[in-house]
Amino acid sequence: MKNVVLVGYMGCGKTTVAKILSERLKIKRVDLDQLIEIYSGLSIEKLFLDKGELYFRKLEHQLFLDQIDNLEPKVLSTGGGTPCYFDHHKLLQTDKVVSIYLKASLNTLVNRLKFGKKKRPLIANKTDDELKEFIAKHLFERNYYYNQASFVVEVDGKSLQEIVAEISYLLA
Ligand code: S3P
């Protein structure tokens, strides 16, 4: 089994899907943001605040490469920006990994992120009106990178179990 890499915009469900998927596949799960927090000793919010986004991106880069190079099978949930920096999108297509883009619509993302923006430095200070416009533009820019994944799984209106079943089918 190859490394299974989950990509997609903030709020698309990468971490939650990774939990259920890794149980189903009986392989370990690694959450890249969690790894960054452990490695730096800081929360993502504090890391952005104290060290800046560039520092975060460099650490994300190093730890992402470590995980991809380590061939022990795992489900790796990435951060929303991971495929969009340092040519990471090209790694989504190598034979070391199977990558899945969890694709959510703008409305789904806005509705979820209204309540989940506090822990996400890129959107923490946006009002609800600003949030929709920001996500629309940002998603448009990032879609190119997400679409480099081996498979696209639409998540709108599906239960977690349905999403995991669909991914398992694609991996079989
Ligand atoms: C980011 C997404 C976050 C986290 C950081 C930056 C991004 O992860 O890595 O706040 O650039 O989209 P989630 O997608 O898990 O929220």
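Ligands are counted one by one from 1 in listed order, and the atoms in each one are counted from 1 as well.
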| query | Among all protein non-hydrogen atoms, which one is nearest to atom 8 (O) of ligand 1, and what is the separation to 0.1 Å? | reply | D33 OD2, 2.8 Å
Show me which atoms of ligand 1 lie under 4.0 Å from any heavy atom of [X].
X: K14; value: 13 (P), 14 (O)
X: G79; value: 8 (O), 9 (O), 14 (O)
X: F56; value: 5 (C), 9 (O)

| Is it the side chain, the backbone, both or neither of R142 that has a heavy atom closer than 4.0 Å to ligand 1? | side chain
| task | Please state which part of I36 comes within less than 4.0 Å of ligand 1, counting heavy atoms only: side chain, backbone, both or neither. | result | neither
| query | Is the shortest distance from a Lys or Arg side-chain nitrogen in K119 or D33 to a carboxylate oxygen in the other one below 4.0 Å? | reply | no
| Salt bridge between K158 and E166, side-chain N to carboxylate O under 4.0 Å? | yes
May I ask you to check whether [X] has an N/O atom sitting below 3.5 Å from an N/O atom of ligand 1?
X: I44; result: no
X: T15; result: no
X: K119; result: no

| message | Tell me whether E133 at atom CD has more than 12 heavy atoms from other residues, nucleotides or ligands lying less than 6.0 Å away. | response | no
| request: Run the numbers on E72 and K28 for salt bridge (charged side-chain N to carboxylate O under 4.0 Å, His left out), then give the verdict. | output: CA-CA 9 Å; E72 185 189 357; K28 77 172 192 175; 3.5 Å; yes
| Pick from R120, E60, R57: the one approaching atom 6 (C) of ligand 1 most closely through a non-hydrogen atom | R57
| Should one rank G8, G81, P121 by closest heavy-atom distance to atom 1 (C) of ligand 1, which comes out on top? | G81
| request: Evaluate the side-chain proximity of F64 to L76: yes if any heavy-atom separation is below 4.5 Å, no if none is. | output: yes
| query | Is there a side-chain contact between V5 and I100, using heavy atoms and a 4.5 Å cut-off? | reply | no
| message | Could you check whether K103 and N143, counting side-chain N and O atoms only, form a donor-acceptor pair closer than 3.5 Å? | response | no
| field | Donor-acceptor side-chain pairing of H88 and Y145 below 3.5 angstrom | value | no
